Amino acid sequence: MGEQKCIGILTSGGDCAGLNAVIRAVVHRATGTYNWKVMGIRQATKGLMSRPPQAIPLDIEKVDSWLTIGGTMLGTTNEGNPFAFPMSDGTLRDCSEDIIEGYHQLGLDALIGIGGDGSLAILRKIAQQGNLNLVAIPKTIDNDVGITERSIGFDTAVNIATEALDRLHFTAASHSRVMIVEVMGRDAGHIAISAGISGGADIILIPEIPYKISQICAQIQERQDRGKNYCLIIVAEAVRTEAGELVMHTNRLGQSRLGGIGQYLADTISDCSGAETRVTVLGHTQRGGTPSPLERLIASAFGVAAVDLVAEEKYDCMVSWQKREVVSVPLEDAIAKYRPVELNGTLVKTARGLGICLGD
């Protein structure tokens with residue numbers, strides 16, 4: 001078995017379904033196979049910045065019921081860059097050395113970080129600065145982390161968006177309306193196109209494909225000419241206006257977030273087609289709920305594989321799902337650029353082959 005190690009695990013960035021299933025798998029493999037200790041770090045890097053570091057020991061008995069629980073039992077954060085962390089007095093402070101010291105105070109031999117490309121880029125920079133042993137697991141409902149076909153959270157988000165479309169079919173038909181569903185997708189349209197195909201959308205709009213309102217209205221009219229008195233549209237939040245502008249909303253704290261493209265489309269389509277429109281913004285419902293069976297499967301495979309990489313001392317790597325297998329890839333390459341929807345890929349070809357309008 002070799003020497004007993006103590007490994008840490010944290011979840012960073014936005015929450016999503018499947019995170020607890022990953023943690024559970026890590027604990028099972030680390031403690032059950034290798035007889036290692038596992039420390040669950042609270043609130044991502046904030047837990048390592050705290051003094052004493054905020055972490056709890058994890059064992060199989062504690063995590064065994066976590067498989068079907070949504071969110072993350074360890075907590076997470078997607079606010080505050082550790083290299084310019086906002087302090088109570090309004091100043092910014094580089095807290096990276098605090099995180100490195102926290103790693104050592106916990107006596108960690110390695111850290112498994114679960115996050116999206118932004119979180120993983122920060123973790124990698126800290127690991128390189130402090131010579132820490134890091135293994136990464138990709139997590140984002142947007143499914144846009146590089147060099148992996150699947151990330152934790154994606155499948156469940158698609159299931160939720162698909163169910164929304166399934167439900168809206170009936171009310172759209174009943175009232176002869178154009179129903180627009182706005183889904184998440186900060187840079188890429190993976191959720192929109194996957195759910196759109198699965199849920200029978202008539203029009204799918206993704207940021208990778210520029211659209212024309214005239215084409216959308218023509219599709220609505222064509223359906224009306226065939227006796228179809230309703231239309232379902234799914235749109236990713238990062239889709240721009242026809243003029244190329246991002247639609248943002250600002251909260252009471254002055255923070256800007258993507259959101260509002262659905263209402264923009266509803267107003268514009270209503271003006272050009274005369275159709276009655278309604279908008280459903282799924283928002284954070286896509287992150288919540290019980291993880292799908294496929295989500296649990298991918299999460300479990302990722303967790304086991306990540307621990308095995310620690311056992312093999314293969315660090316600065318990320319586990320990746322490719323061709324129905326888990327492989328390891330260089331973390332540097334995985335976060336180098338995001339993975340958009342491929343314009344000539346299977347999903348776009350499938351949508352077009354089904355007669356779904358992509359707006360172009």
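Since the model is a prediction, treat every value here as computed from it, not as a measurement.
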Side-chain donor-acceptor contacts of residues 300-312 below 3.5 Å, not counting sequence neighbours, with atom names and distances?
residue	atom	partner	partner atom	Å
S300	OG	R296	O	2.8
D308	OD1	R29	NE	2.9
D308	OD1	R29	NH2	3.2
D308	OD1	Y34	OH	2.7
D308	OD2	R29	NH2	3.2
E312	OE1	K314	NZ	3.4

Taking [Y]'s backbone N and O only, do any of them form a donor-acceptor pair with [X]'s side chain (distance below 3.5 Å, no angle check)?
X	Y	value
E182	V235	no
K37	Q4	no
T11	G75	yes
T76	G13	yes
S270	T277	no
T148	R150	yes
T91	M87	no
R223	Y230	yes
Q322	I147	yes
N143	E149	yes

Quick check for you: to the nearest 0.5 Å, what is the distance between [X] atom [atom1] and [Y] atom [atom2]?
X	Y	atom1	atom2	answer
T156	E295	OG1	CD	3.5 Å
T268	I216	OG1	CD1	9.0 Å
D155	I160	CG	CD1	10.0 Å
C231	R177	SG	CZ	14.5 Å
L134	L331	CG	CG	6.0 Å
E237	L282	CD	CG	10.5 Å

Honestly curious: do [X] and [Y] fall in one hydrophobic cluster under the side-chain, below-4.5 Å linking rule?
X	Y	answer
I137	L19	yes
L354	L343	yes
Y103	F85	yes
W36	I23	yes
V329	L111	yes

Check whether any side-chain heavy atom of [X] lies under 4.5 Å from a side-chain heavy atom of [Y], and answer yes or no.
X	Y	answer
L10	L123	yes
L106	L48	yes
V26	I7	yes
T241	V247	yes
R240	Y264	no
I234	V183	yes
H190	D142	no
L294	V158	no

Do other residues, nucleotides or ligands put more than 12 heavy atoms under 6.0 Å from the [atom1] atom of [X]?
X	atom1	result
R226	CZ	yes
E342	CD	no
N344	CG	no
E332	CD	no

Side chains of H284 and D15 only: does a donor on one sit below 3.5 Å from an acceptor on the other?
no

Indicate whether the side chain of N159 and that of E163 have a donor and an acceptor atom separated by less than 3.5 Å.
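N159 vs E163: no donor-acceptor pair found between side chains.
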
Residues D187 and K337 bridged, charged N to O under 4.0 Å:
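Judged by the 4.0 Å cut-off on N to carboxylate O distance, D187 and K337 do not form a salt bridge.
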
Residues D202, K228: salt bridge by 4.0 Å N-O rule:
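A salt bridge is absent here (no side-chain N lies under 4.0 Å from a carboxylate O).
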
Mind running side-chain contact (heavy atoms from CB on, under 4.5 Å) on I99 and F83 for me, showing each step along the way?
CA-CA 10 Å; I99 295 171; F83 291 95; over 6 Å; no

Could I get the full list of disulfide (SG to SG under 2.5 Å) partners for C217, not counting sequence neighbours?
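Scan of C217 (disulfide (SG to SG under 2.5 Å), adjacent residues dropped) gives C272.
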
Please evaluate residues Q286 and I191 with respect to the criterion side-chain contact (heavy atoms from CB on, under 4.5 Å), reporting the C-alpha separation (whole Å), side-chain torsions for both, the decisive distance (0.1 Å), and the verdict.
CA-CA 10 Å; Q286 297 158 92; I191 295 175; 4.0 Å; yes

Could you go step by step and tell me if D98 and R51 meet the side-chain contact (heavy atoms from CB on, under 4.5 Å) rule?
CA-CA 9 Å; D98 296 338; R51 291 297 175 269; 4.0 Å; yes

Would you name the heavy atoms of [X] and [Y] that are closest together and state the gap between them?
X	Y	answer
I69	N20	O-ND2, 3.1 Å
P207	A238	CB-O, 3.9 Å
R339	A188	O-CB, 4.0 Å
L205	V239	O-CG2, 3.5 Å
V341	I206	CG1-CD1, 4.0 Å
R186	L258	O-CD1, 3.6 Å

Working note: L120 + R124, criterion side-chain contact (heavy atoms from CB on, under 4.5 Å); need CA distance, chi angles, decisive distance, verdict.
CA-CA 6 Å; L120 294 182; R124 182 173 189 267; over 6 Å; no

Considering residues at least two apart in sequence or located in another chain, which fulfil the salt bridge (Lys or Arg N to Asp or Glu O under 4.0 Å) criterion with E313?
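E313 satisfies salt bridge (Lys or Arg N to Asp or Glu O under 4.0 Å) with K5 only.
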
